[in-house]
Amino acid sequence: MELGIGMFGDLQINAKGEIQPAQQRLQEIIEEIKLMDEVGLDFYGIGEHHRPDYAVSSPEIILAAAATVTKNIKLSSAVSVLSSSDPVKLYQNFATIDLISNGRAELMAGRGSFIESFPLFGYDLQDYDQLYEEKLELLLKINASPKISWKGKFRPELNNQEILPRAVNDNLKIWVAVGGTPESVERAGRLGLPVMFAIIGGQPIQFKPLFDYYKKVYQAYGHDMGKFEVGVHMHSIFGENSNEVADYYYPLYSAQMNRIGRSRGWAPYQRNQFDSGRGDGGALIIGDANESVDKILAMEETFGLTRFSAHMDVGGPSHAALMKSIEIFGTKIAPKVREALKKK
């Protein structure tokens with residue numbers, strides 16, 4: 001099982017509502033990725049957002065910068081909002097990162113958790129499903145062949161056109177991110193694409209039927225189980241002392257849940273929800289190394305994971321807190337998880 005970190009590029013927001021400058025946060029992110037590589041984590045993913053509370057609108061640029069200061073870590077989007085992107089340019093950008101990084105780039109395609117990119121790039125939300133279907137089809141076709149002819153509804157057609165540059169070994173690793181819809185799971189299984197499930201609330205065990213369905217569809221379409229890959233993305237942060245890290249993080253996390261929740265009709269986020277989420281059956285991995293090892297291993301046992309992604313910057317924890325969390329993940333948690341998995 002690969003162990004890594006996902007981020008959205010949350011900006012720190014103080015009690016007065018003042019937002020951290022994006023320039024500062026972007027420089028911090030590069031320093032954080034460099035540390036992830038140094039402590040031996042397997043991958044890093046960065047999301048795409050077009051909002052004032054996030055620093056990153058172009059994951060490709062962050063990943064290209066990170067490629068120059070890292071040696072081993074895989075570099076991925078988490079996610080690229082495929083529905084409002086041009087698959088041709090998206091492939092070219094990630095193929096370029098793949099060449100710069102000597103084959104360490106991955107692209108994670110998804111619908112995104114916000115809708116700002118649709119009006120920004122001139123797309124109609126009424127076409128939400130059709131956009132994703134068509135653009136995923138085109139992206140996969142580009143990845144499969146350097147020269148293509150293609151015609152769709154939302155992009156000018158391509159007539160025997162060559163898409164360059166090509167990724168290392170002429171194959172870019174493409175994941176898809178899914179929330180909780182059977183339709184998305186069925187599509188990924190049918191296409192034989194690796195899946196990242198976002199489990200960010202409630203009880204993870206509720207997702208077990210979707211994992212089982214994905215595996216069933218994947219096998220039914222004759223895909224090679226030797227290439228089967230499935231991961232989870234879960235809100236996480238690690239500290240030396242479990243109660244101390246929880247007390248530090250709760251105000252930041254709850255503030256973010258409430259900022260998002262006001263626009264989505266959620267009830268105010270409460271400490272009991274946070275504490276429940278940190279418990280054995282909850283979806284938050286927030287605590288010390290030993291607690292976190294146990295919970296990550298439980299996720300692997302439950303779902304048969306090949307990848308675990310700790311989403312570590314929700315609500316904008318400080319750079320110092322993130323650096324400490326990364327250090328603990330790489331030096332204390334990851335070695336124990338890997339050792340336990342070797343014994344299975």
Side-chain angles (χ1 to χ4, degrees), residues 45-46 48 50 57-65 67 74-112 117-178 183-196 217-218 220-224 226-229:
I46 181 68
E48 172 191 347
H50 304 270
S57 60
S58 299
E60 305 90 306
I61 296 178
I62 299 298
L63 300 176
K74 295 178 181 179
L75 300 166
S76 176
S77 53
V79 301
S80 296
V81 184
L82 181 59
S83 306
S84 56
S85 301
D86 177 11
V88 173
K89 189 60 177 170
L90 196 62
Y91 175 86
Q92 290 177 317
N93 290 346
F94 277 85
T96 301
I97 301 167
D98 206 41
L99 297 175
I100 293 170
S101 66
N102 292 317
R104 292 186 283 128
E106 299 181 350
L107 194 163
M108 186 177 295
R111 300 171 184 268
S117 64
F118 287 83
L120 185 62
F121 297 115
Y123 292 102
D124 191 333
L125 276 170
Q126 291 186 340
D127 299 322
Y128 188 82
D129 292 321
Q130 287 179 289
L131 280 164
Y132 187 77
E133 286 273 4
E134 179 176 297
K135 293 191 175 196
L136 182 59
E137 174 196 316
L138 176 55
L139 179 64
L140 296 177
K141 191 165 187 177
I142 293 168
N143 197 35
S145 175
K147 198 172 273 193
I148 69 168
S149 295
W150 175 90
K151 187 175 182 179
K153 179 180 178 182
F154 300 104
R155 191 201 185 282
E157 67 179 293
L158 298 163
N159 293 304
N160 198 33
Q161 288 176 284
E162 195 168 13
I163 313 298
L164 298 170
R166 304 301 295 176
V168 174
N169 298 322
D170 202 18
N171 181 61
L172 179 66
K173 183 69 162 292
I174 297 175
W175 288 70
V176 292
V178 302
E183 294 81 8
S184 296
V185 173
E186 189 279 334
R187 182 194 299 111
R190 171 168 41 88
L191 296 172
L193 295 172
V195 165
M196 180 66 73
V217 173
Y218 187 96
Y221 278 88
H223 299 298
D224 182 0
K227 297 178 180 179
F228 181 82
E229 294 183 82

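As the structure is a prediction and not an experimental result, all values here were calculated from the model.
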How many angstroms lie between [atom1] in [X] and [atom2] in [Y], if you round to the nearest 0.5 Å?
X      : Y      : atom1 : atom2 : value
Lys89  : Glu60  : NZ    : CD    : 9.0 Å
Tyr123 : Leu131 : OH    : CG    : 7.0 Å
Ile142 : Trp150 : CD1   : CH2   : 8.5 Å
Asp86  : Leu138 : CG    : CG    : 7.5 Å
Leu90  : Leu139 : CG    : CG    : 6.0 Å
Leu140 : Ser145 : CG    : OG    : 13.0 Å

Do other residues, nucleotides or ligands put more than 12 heavy atoms under 6.0 Å from [X] [atom1]?
X      : atom1 : result
Glu157 : CD    : yes
Ile61  : CD1   : no
Asp224 : CG    : yes

Please work out whether the ring planes of Tyr218 and His223 are parallel, tilted or perpendicular, with thresholds of 30° and 60°. tilted
Only one of Val168, Leu75, Leu107, Asn171 passes side chain to side chain contact (heavy atoms under 4.5 Å, CB included) with Asp98, and that residue is Val168
Minimum-distance pair of heavy atoms, taken over all atoms of [X] and [Y]:
X      : Y      : result
Ser83  : Lys135 : O-NZ, 3.2 Å
Ser84  : Ser117 : OG-OG, 2.7 Å
Trp175 : Met196 : CE3-N, 3.9 Å
Ser85  : Glu48  : OG-OE1, 4.3 Å
Pro146 : Asp170 : CD-OD2, 4.1 Å
Phe94  : Ala105 : O-CB, 3.7 Å

Run the side chain to side chain contact (heavy atoms under 4.5 Å, CB included) test on Asp129 and Glu183 for me, step by step, so that the C-alpha distance in whole Å, both residues' side-chain angles and the decisive distance to 0.1 Å come before the verdict. CA-CA 11 Å; Asp129 292 321; Glu183 294 81 8; over 6 Å; no
Is there a side chain to side chain contact (heavy atoms under 4.5 Å, CB included) between Ile46 and Leu63 once you walk through the steps? CA-CA 8 Å; Ile46 181 68; Leu63 300 176; 3.7 Å; yes
Under 4.5 Å between any side-chain heavy atoms of [X] and [Y], yes or no?
X      : Y      : result
Glu134 : Gln130 : no
Pro194 : Lys173 : yes
Leu136 : Leu82  : yes
Pro59  : Met108 : no
Leu191 : Val176 : no

Less than 6.0 Å separating the ring centroids of Tyr128 and Phe118? yes
Chi angles and distances behind the salt bridge (charged side-chain N to carboxylate O under 4.0 Å, His left out) call for Arg187, Glu133: CA-CA 9 Å; Arg187 182 194 299 111; Glu133 286 273 4; 3.0 Å; yes
For the pair Ser80 (side chain) and Ala109 (backbone), establish whether a donor and an acceptor sit closer than 3.5 Å, ignoring hydrogens and angles. no
